[in-house]
Engineer: 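For reference, the structure I am asking about is given below.
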Amino acid sequence: MLNSGTTHNAGRLTLRSRPTPLDSIASAAATELLTGLNDAQREAVLAVDGPVLVVAGPGSGKTRVLTHRIAYLMEVLHVPGDRILAVTFTNKAAREMRTRIEKLRQGRPLDGVVMGTFHAFGARLLRENPGVVADRLGILPQFSIYDDGDQVETVKAALKSVGLDPKLYQPRRLRARISAAKSQLIPPDEARNLAATYDEEVIARVYAEYERLLRRANALDFDDLLTQPINLFEAAPFLLERYQERFLHILVDEYQDTNRVQYVLVSALAERHRNLFVVGDPDQSIYGWRQADIRNILDFEKDYPDARQIHLELNYRSTARIVEAADRVIRENVARIDRRLRTDNDDGEPIVLRELSDQSHEAQFIADEVRRMVELGDAIYDDAAVMYRTTAQSRAIEEALRFRGIPYQVIGGVRFYERKEIKDFLATLRLLHNPSDTVALERVVGNLPIGRGLGPRALETIRAWAAAERATMLDGFLTIAGAIHNDSVPVLAGASKSAAQRVGSVIAGLRELAEDTPLTGLFDAIVERTGYGASLDRTEEEDLDRWANLLELRSELERVGDAPARDTIAAYLERVALVADVDSLELDERGRVTLITLHSAKGLEFPVVFVAGVEEGLLPISRAVESEHLRPEELEEERRLFYVGMTRAERLLYLTYASSRATYGRFGYSVPSRFLQSIPDHLLRTLGRRGALRPGAAMGLRDKARSDSAYPTAASRGGTPVVTATTYIPGQKVFHPKFGEGTVTEITERRDDQEVAVDFVRHGAKRLLASLAAMDVIDHDGH
DNA sequence: GCGCGACTAGGCGGG
DNA sequence: CTAGTCGCGC
């Protein structure tokens with residue numbers, strides 16, 4: 001187990017540490033880099049020899065440790081920047097770290113340090129070695145990066161190609177299964193050998209074809225950005241040795257969310273110098289669905305028996321109440337290292353727990369609270385963030401904020417680069433850059449006006465021609481247009497022939513243009529010549545939106561510069577492919593409330609946090625609780641997600657849930673999340689439905705008047721689901737003190753209340769108000 | 001081959 | 001609810 005006895009002991013640290021240049025030069029820089037750090041943080045910064053695992057609780061200063069450590073390596077130990085590799089979870093985290101380190105270095109730029117996401121690093125490795133990548137892996141330097149949608153298209157093509165009906169095999173599910181296999185480094189043939197069911201056999205077959213199609217399109221999916229570097233190193237060990245030698249220090253942030261491939265990549269690179277420094281928190285592992293393997297962090301010591309383990313448990317971020325509540329919540333998980341999150345901070349305000357009748361009341365409550373605290377001068381809009389489990393929840397909240405004129409920014413949702421018009425445009429760029437990119441070609445032909453008249457049949461003809469000629473589909477179009485010469489020409493007639501000519505000549509013209517025109521000029525030509533600009537109706541709101549998005553993209557292209565598109569397009573497309581939602585998050589005071597998913601919120605902090613929809617079915621999400629596939633590990637991940645949300649809050653934490661919620665047009669009743677049961681009463685202020693604080697609540701006491709209905713009391717806890725008066729559902733057996741036993745037949749929503757129709761055994765049908773009728777829900781045994 | 005309305009199935013998270 | 005598909009008339 002943990003070697004905490006030695007690693008925690010600061011006194012031993014000095015004994016264990018080898019003499020470093022620190023001793024001899026008594027560097028002022030060193031002193032400065034170490035002041036303000038606590039013992040554990042300092043230990044983490046100074047432990048520069050050998051593998052180190054830092055288990056860092058939320059708000060415990062892990063970014064501080066990472067930045068100070070890198071600055072220390074460079075300033076004090078004079079490690080050249082280009083010998084340091086730092087992997088972060090998002091581009092934004094990398095940018096932030098860069099800025100903070102530069103600040104620590106008195107503004108000197110961070111030259112050479114390789115800092116970015118795993119995927120960006122993978123792409124970089126492939127781009128840095130174009131010759132070997134082409135020769136050994138058959139991937140040409142202008143490769144496209146396929147996103148989720150492109151992958152699904154490729155899966156559909158693969159299904160067709162192996163003679164299966166894409167409608168019967170759920171391309172999205174297959175995509176996920178293939179991705180899961182790839183991120184566990186299982187190649188198609190092995191997947192086939194492992195296949196135990198017909199379903200798995202199908203997956204393996206489609207997987208093999210999918211891979212073939214990707215290679216033919218000279219395209220890489222996200223998983224390839226990690227697996228192909230590994231293939232590269234296997235095919236060319238001298239390259240691996242070169243990188244192993246180069247990276248004297250490797251640092252990995254959010255290690256709990258790495259998957260198998262990432263683990264293999266990092267382990268391989270760290271093999272030579274073994275200065276692998278990983279930081280993570282198993283309790284914040286929330287990407288299991290993306291094959292993140294929590295074992296990477298839990299088994300670190302097994303992989304590196306000489307690893308030093310350092311625990312950062314002191315939280316500097318949140319009030320004591322928030323820290324304690326979060327700690328109580330997470331302690332219920334079984335699969336975890338037993339430890340305790342602590343803080344020296346003040347108690348702060350109680351956590352506000354609030355039940356609302358539906359999602360729009362929930363949204364209004366949140367918006368009103370935000371407005372109130374801003375009006376009182378307690379906060380500015382930037383201080384507040386609203387977090388939720390699903391992106392769909394943002395809509396109601398946006399509406400309520402908009403109605404009150406409160407500015408906000410939404411992170412996530414439909415990502416900018418995944419909007420149709422943006423994807424159409426980018427597909428054109430991609431096609432110009434990588435002529436083999438079939439998904440891009442089909443998108444251009446299928447969605448842009450120049451493709452009118454070309455349907456599945458014409459495309460199939462060209463596809464067959466390309467296969468026979470060992471050429472690209474684009475070559476087919478170019479041949480028909482006479483832009484290039486081939487002995488054989490795809491046979492199309494009439495309207496489709498002229499349409500194909502049009503496509504071929506437009507693409508040929510744009511390709512030529514890209515040679516000497518900057519991206520902005522190319523943008524204008526694309527919009528013009530593909531007919532896209534003209535097809536937008538500038539009076540339709542939706543089309544205006546599209547046009548506005550395209551113009552936003554154009555202004556982004558302006559920032560790329562005036563060099564010919566040919567020279568800038570690759571880097572631009574790569575950047576676009578690898579941005580994350582949170583990368584766009586602006587935390588400098590822009591006067592806006594932030595709306596964000598719990599997943600995206602990892603690593604962030606806000607003075608005021610609202611976690612909305614703390615309900616069964618949403619948090620934990622229903623898939624994790626449905627009895628057919630009750631997955632304890634998924635449930636624990638949901639709990640971690642809630643923990644992540646709670647620990648984003650510095651001063652004020654609100655937890656809200658709605659007793660009824662319309663999901664996908666259907667109306668349903670909900671029960672407060674089981675996770676709430678872990679939070680002790682004394683940390684909470686439970687508000688009644690009618691909004692205003694009740695007497696007594698101000699003293700931080702639970703509102704006893706509600707304790708029998710709105711929310712479980714301490715006494716009622718025992719792990720069993722809590723049924724309350726506000727969560728009646730038809731068919732429920734109830735007991736009324738006067739009317740006796742009955743069955744709920746109907747629920748009618750009233751303002752802030754419910755009207756419950758009950759069929760009583762002795763007294764017949766009655767209609768009662770939920771808030772007034774002191775009924776108990778009983779199970780079938782009559783308890 | 002296109003464009004329209006009707007229908008249904010999924011239903012979460014994201015580099 | 002909403003994206004994707006189906007079936008129809010043009």
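All chains are named by letter (A, B, ...) in the order of the sequence lines, taking the proteins before the strands, and each is independently numbered beginning at 1.
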Engineer: How close or far is atom P of B:dG13 from atom CG of A:Leu641, stated in whole angstroms?
Structural biologist: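 Answer to the nearest Å: 11 Å.
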Engineer: Counting only side-chain N and O atoms of A:Thr90, is one of them less than 4.0 Å from OP1 or OP2 of B:dG15?
Structural biologist: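 No, outside the criterion.
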Engineer: When you measure from the side chain of A:Arg395, which nucleotide among C:dC1, B:dG15, B:dG13 comes out closest?
Structural biologist: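 The answer is C:dC1, which lies nearest to the side chain.
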Engineer: Specify the separation, in whole Å, of atom CG of A:Asn447 and atom P of B:dG3.
Structural biologist: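 It is 12 Å, rounded to the nearest whole Å.
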Engineer: Of A:Arg457 and A:Ala577, whose nearest nucleotide on DNA chain B comes first from the 5' end?
Structural biologist: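 First, find each residue's nearest nucleotide; the 5'-ward one identifies A:Arg457.
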Engineer: Only counting residues at least two apart or in another chain, list the ones meeting side chain to side chain contact (heavy atoms under 4.5 Å, CB included) with A:Arg177.
Structural biologist: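 Once residues adjacent in sequence are excluded, the partners of A:Arg177 under the side chain to side chain contact (heavy atoms under 4.5 Å, CB included) criterion are A:Arg173, A:Asp199, A:Glu200, A:Ile203.
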Engineer: Give the rounded distance in Å between these two atoms: CG of A:Leu265 and P of B:dG15.
Structural biologist: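 In whole Å, B:dG15 P lies 19 Å from A:Leu265 CG.
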Engineer: Looking only at side-chain atoms of A:Thr117, point me to the closest of B:dG14, B:dG1, B:dG15.
Structural biologist: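 It is B:dG15.
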Engineer: Using whole Å, what does the distance between atom C1' of nucleotide B:dC2 and atom CG of A:Leu454 come to?
Structural biologist: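 Taking atom C1' of B:dC2 as the reference, CG of A:Leu454 is at 13 Å.
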Engineer: Scan the side chains in residues 149-157 of chain A for donor-acceptor partners under 3.5 Å anywhere in the protein, sequence neighbours excluded, and list what turns up.
Structural biologist:
unit_1	atom_1	unit_2	atom_2	d
A:Asp150	OD1	A:Lys423	NZ	3.3
A:Asp150	OD2	A:Asp147	N	3.1
A:Asp150	OD2	A:Arg430	NH1	2.9
A:Gln151	OE1	A:Arg175	NH1	3.0
A:Thr154	OG1	A:Asp150	O	2.8

Engineer: Evaluate whether the aromatic ring of A:Tyr287 and the six-membered ring of the B:dG14 base sit under 5.5 Å apart, centre to centre, with an inclination under 30°.
Structural biologist: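 No, aromatic ring not over the base.
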Engineer: Does B:dG13 have its OP1 or OP2 closer than 4.0 Å to a side-chain nitrogen or oxygen of A:Ser600?
Structural biologist: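 A:Ser600 to B:dG13 OP1/OP2: no side-chain N or O under 4.0 Å.
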Engineer: To the side chain of A:Arg389, which of B:dG1, B:dC2, B:dG13 is closest?
Structural biologist: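 Looking only at side-chain atoms, A:Arg389 lies closest to B:dG13.
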Engineer: What residues form a ring pair (Phe, Tyr, Trp, His ring centres under 6.0 Å) with A:Tyr532, not counting sequence neighbours?
Structural biologist: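 Ring pair (Phe, Tyr, Trp, His ring centres under 6.0 Å) check on A:Tyr532 returns nothing, list empty.
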Engineer: Given atom CD of A:Glu153 and atom P of C:dA3, what is their separation to the nearest angstrom?
Structural biologist: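 Whole-Å distance recorded here is 15 Å.
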Engineer: Got A:Tyr657 and A:Leu619 here, is their nearest side-chain heavy-atom distance under 4.5 Å?
Structural biologist: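 They are not in side-chain contact.
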Engineer: Distance check needed: B:dG15 P versus A:Leu126 CG, whole Å only.
Structural biologist: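 After rounding, the gap between these two atoms is 20 Å.
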Engineer: Once side chain to side chain contact (heavy atoms under 4.5 Å, CB included) is applied, do any residues pair with A:Ala396, and if so which ones, sequence neighbours excluded?
Structural biologist: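 Listed in chain order: A:Gln359, A:Ala363.
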Engineer: Using the test side chain to side chain contact (heavy atoms under 4.5 Å, CB included), find all partners of A:Arg402 that sit at least two apart in sequence or belong to another chain.
Structural biologist: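 Side chain to side chain contact (heavy atoms under 4.5 Å, CB included) list for A:Arg402, sorted by chain: A:Glu398, A:Glu399, A:Tyr408.
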Engineer: The side chain of A:Phe222 is closest to which nucleotide in this list: B:dG15, B:dG1, B:dG13?
Structural biologist: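 Of the options given, the side chain of A:Phe222 lies nearest B:dG15.
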Engineer: Send over the distance from A:Gln359 CD to C:dC1 P, rounded to a whole Å.
Structural biologist: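 Checked: the CD to P distance equals 12 Å.
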Engineer: Output a table of nitrogen or oxygen pairs between the protein and nucleotides 5-9 of chain C separated by less than 3.5 Å.
Structural biologist:
unit_1	atom_1	unit_2	atom_2	d
C:dC6	OP2	A:Lys167	NZ	3.4

Engineer: Whole angstrom is fine here: how far is it from CG in A:Asn91 over to C1' in B:dG14?
Structural biologist: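 Distance, rounded to whole Å: 13 Å.
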Engineer: Could you pull out the protein-nucleic contacts involving nucleotides 7-11 of chain B (nitrogen or oxygen on both sides, under 3.5 Å)?
Structural biologist:
unit_1	atom_1	unit_2	atom_2	d
B:dG11	O3'	A:Tyr664	OH	3.2

Engineer: Check side chain to side chain contact (heavy atoms under 4.5 Å, CB included) between A:Ser183 and all other residues, then give those that pass, not counting sequence neighbours.
Structural biologist: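 Residues passing side chain to side chain contact (heavy atoms under 4.5 Å, CB included) with A:Ser183: A:Asp223, A:Asn259, A:Val261, A:Gln291.
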Engineer: Which residue lies toward the 5' end of DNA chain B, A:Val579 or A:Ala458, if each is placed at its nearest nucleotide?
Structural biologist: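 Comparing both residues, the 5'-ward one is A:Ala458.
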Engineer: Need one value for A:Arg173: base, sugar-phosphate or nothing, where a base atom within 4.0 Å counts as base even if backbone is also close, heavy atoms only.
Structural biologist: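 No contact.
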Engineer: Say whether A:Gln256 and A:Ser285, considering side chains only, have a donor N or O and an acceptor N or O under 3.5 Å apart.
Structural biologist: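 Per modelled atom types, A:Gln256 and A:Ser285 side chains form no pair under 3.5 Å.
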Engineer: So, using ring pair (Phe, Tyr, Trp, His ring centres under 6.0 Å) as the criterion, who are the partners of A:Phe425 when residues are at least two apart?
Structural biologist: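 Per chain and number, A:Phe425 pairs via ring pair (Phe, Tyr, Trp, His ring centres under 6.0 Å) with A:Phe523.
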Engineer: Scan side-chain atoms only and decide if A:Gln142 and A:Asn434 contain a donor-acceptor pair under the 3.5 Å cut-off.
Structural biologist: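 Checked: A:Gln142/A:Asn434 side chains show no N/O donor-acceptor pair below 3.5 Å.
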Engineer: Just compare B:dG14, B:dG3, B:dG15 and give me whichever is closest to any side-chain atom of A:Thr597.
Structural biologist: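 The nucleotide sitting nearest to the side chain is B:dG14.
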